[in-house]
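See structure below.
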Amino acid sequence: MDFLKIEGLVRHFGGTRAVDGMDLSLTEGELLCIIGPNGCGKTTLFNLICGELRPQAGTIRLQGRDLTRLKPHDIARCGVIRKFQVPSVYDGLSVERNLRLASGAPLLRRGVRLDMDELAAMAGFTRVEMARPAGELAHGRKQWLEIAMVLAAGPSLVLLDEPTAGMTREETARTVRLIRDIHARYGISMIMIEHDMGFVERLECDVAVMMRGRVITRGSFADVRGVDAVREAYLGASA
Amino acid sequence: MRAGAFLAGLRRLGGEDLSALLALAVFAVLPAFVEEWRLAEFAIFFIYGLFAASQMFIWGHCGVLSLGQAVFFGVGAYGMSTLTLGMIPGLEGVTSTWLGLLFAAALSAGLAFLLGWFLFSAPRLQGAFFGIVMLAVAFIAERLAINWDFLGGLNGLMNVPPINLGLNGDGAEIWESLPVYYIALGVLAVVAALLRRVIASSFGTVLLAIRERDYRTRALGYDIIRYRVLAFTLAGGVAGLAGALFVTQFGFASPALIGFALSAEVLIWVAVGGRQSLVAAILGAVLVRALESGLSAQLGDYWLLFLGAVFVAVVLLLPRGVIGEAIHLAGRGLGRLSSGHDTDQ
């Protein structure tokens with residue numbers, strides 16, 4: 001059985017077909033990267049999975065359980081935890097309190113279980129930094145804090161929305177290592193939306209290409225980049 | 001070295017708790033230095049302080065701007081008055097102060113629960129919209145109190161009995177200024193300490209998280225509507241208790257206790273004192289009311305103008321509030337002082 005199964009998902013905004021009959025499945029422990037041009041419906045897909053938006057048709061099932069009509073916090077309680085595109089940490093609270101709030105999340109069943117030291121080590125926070133307000137962190141480190149928070153909650157499915165947005169090359173490289181490390185060590189199922197092609201290549205995972213609200217092709221990075229439609233629509237002349 | 005340890009201990013206590021204890025100590029000995037009629041005035045200020053604590057909790061801590069918090073104060077005031085005056089149909093024989101307090105707090109909390117449940121569940125009723133709806137609720141409540149004969153209309157309900165120690169209003173009445181003063185101070189201190197514990201608890205931390213980033217908190221699985229409703233209920237109950245105590249001291253309940261004007265006033269007290277700190281908000285209420293009592297004789301109608309100007313200045317220049325800023329600076333000074341001693345050792 002598929003871990004996550006999305007079938008015939010539809011969400012239109014007026015005349016815009018953001019998600020238009022989309023099918024997607026994920027096996028347990030799989031790492032999948034979704035790429036696609038701006039406005040192809042990637043973030044809408046995440047909003048639908050997390051219940052922030054209601055689909056007009058289609059179903060989303062996690063381990064056979066229908067999530068489609070659940071409220072956002074109930075979907076999170078089922079183990080689907082998301083990282084937002086804009087770093088969304090609690091600026092006024094210390095880094096440690098941020099992590100403690102996340103590890104206190106009322107999930108029905110914990111996918112992974114990490115203690116405070118592991119989380120701090122993973123995101124590279126010193127003891128002194130743990131006591132500082134999260135608002136004082138630089139942009140890239142806020143992103144890592146939020147990734148650590150997502151893991152602290154004990155998810156069984158992690159959704160990362162452009163985790164390297166606004167990062168320097170060096171920070172991006174570190175983020176690739178961080179995500180590969182998390183996936184290798186804890187075997188969590190993860191879906192990631194990405195824009196940065198270099199990032200996608202170095203992740204060495206399955207890639208799904210989304211266009212006009214659907215997945216048009218799926219495979220390894222090498223397979224996908226060879227597809228004509230992808231070259232034209234997304235990679236452009238430079239690819 | 002001992003001084004260093006003492007200072008380190010003070011620092012652990014934190015500026016907030018330290019200023020709370022200091023204020024409590026000052027108010028505890030104040031009756032030795034002021035005239036008796038002043039004490040009755042201060043007892044009322046402490047009740048306003050309790051009301052301000054409810055506004056601080058829901059606005060400062062939870063980030064929910066309620067422009068109609070006096071609705072709960074007024075419902076508590078009328079609830080207490082109708083019960084202790086023996087006006088509740090079928091319960092005419094029950095005039096207990098204790099049941100009255102319970103009834104008033106429960107009535108206000110219940111109303112806050114229903115309103116909160118209804119309003120917070122509406123997805124588009126966020127931020128300022130919620131505030132405006134509460135403003136309308138305050139307006140409606142005031143009109144209701146004015147036009148409902150059962151509540152005495154514009155005149156309100158008079159001759160509300162003072163606190164009565166008997167189980168059913170048949171014991172000793174507390175109306176002398178000194179005991180009334182200490183009862184008001186005691187209730188304020190106990191409720192403030194309880195609220196402080198709630199704020200510091202994991203429940204309070206989640207409320208803070210919802211204030212900072214509601215969508216992030218929801219996406220971690222927290223049912224933010226339930227948290228907000230519970231917080232609003234608690235704030236409503238505290239406001240209701242304040243209203244109930246108010247009428248036992250003041251002797252009558254009137255539509256002025258339930259409407260927009262008092263809702264705006266409590267907002268000003270909390271903003272001027274400091275909405276991020278419970279002590280600052282409470283002292284803000286006491287300070288503004290004490291100033292008003294001292295200055296309104298000289299300033300007359302200019303008092304409101306003065307208060308308005310202070311409010312605008314504080315909002316623009318001192319987001320922590322006048323007292324909140326002072327506590328913050330004192331806390332920082334204390335931190336520097338004690339860490340200095342630590343390095344001496």
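All of these numbers come straight from a predicted model, not from anything done at the bench. Chain letters run A, B, ... following the sequence lines, proteins first and then strands; every chain starts at 1.
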Answer yes or no: is there an ion pair linking [X] with [Y], defined by an N-O contact shorter than 4.0 Å?
X        : Y        : result
A:Lys142 : A:Glu146 : no
A:Arg141 : A:Glu171 : no
B:Asp223 : A:Lys71  : no

Chain B contact via [X] - which portion, at a heavy-atom distance below 4.5 Å:
X        : answer
A:Val150 : side chain
A:Asn98  : neither
A:Leu107 : side chain

When the 4.5 angstrom heavy-atom criterion is applied to B:Ser202 and chain A, the contacting part is neither
Cut-off 4.5 Å, heavy atoms of chain A, and the answer for B:Ile225 is neither
side-chain contact (heavy atoms from CB on, under 4.5 Å) test vs A:Leu62 passes for just one of A:Leu4, A:Leu70, A:Leu26, namely A:Leu4
Smallest heavy-atom separation, B:Ala281 atom then B:Ala52 atom, equals O-CB, 3.7 Å
Among A:His73, A:Glu52, A:Arg100, the residue with the most heavy-atom pairs under 4.5 Å to chain B is A:His73
Comparing A:Met149, A:Arg97, A:Lys83, A:Arg77 against chain B, the one with the most heavy-atom pairs below 4.5 Å turns out to be A:Arg97
* To do: Please tell me if the side chains of A:Asn47 and A:Leu45 come closer than 4.5 Å, counting only heavy atoms from C-beta onward.
  => no
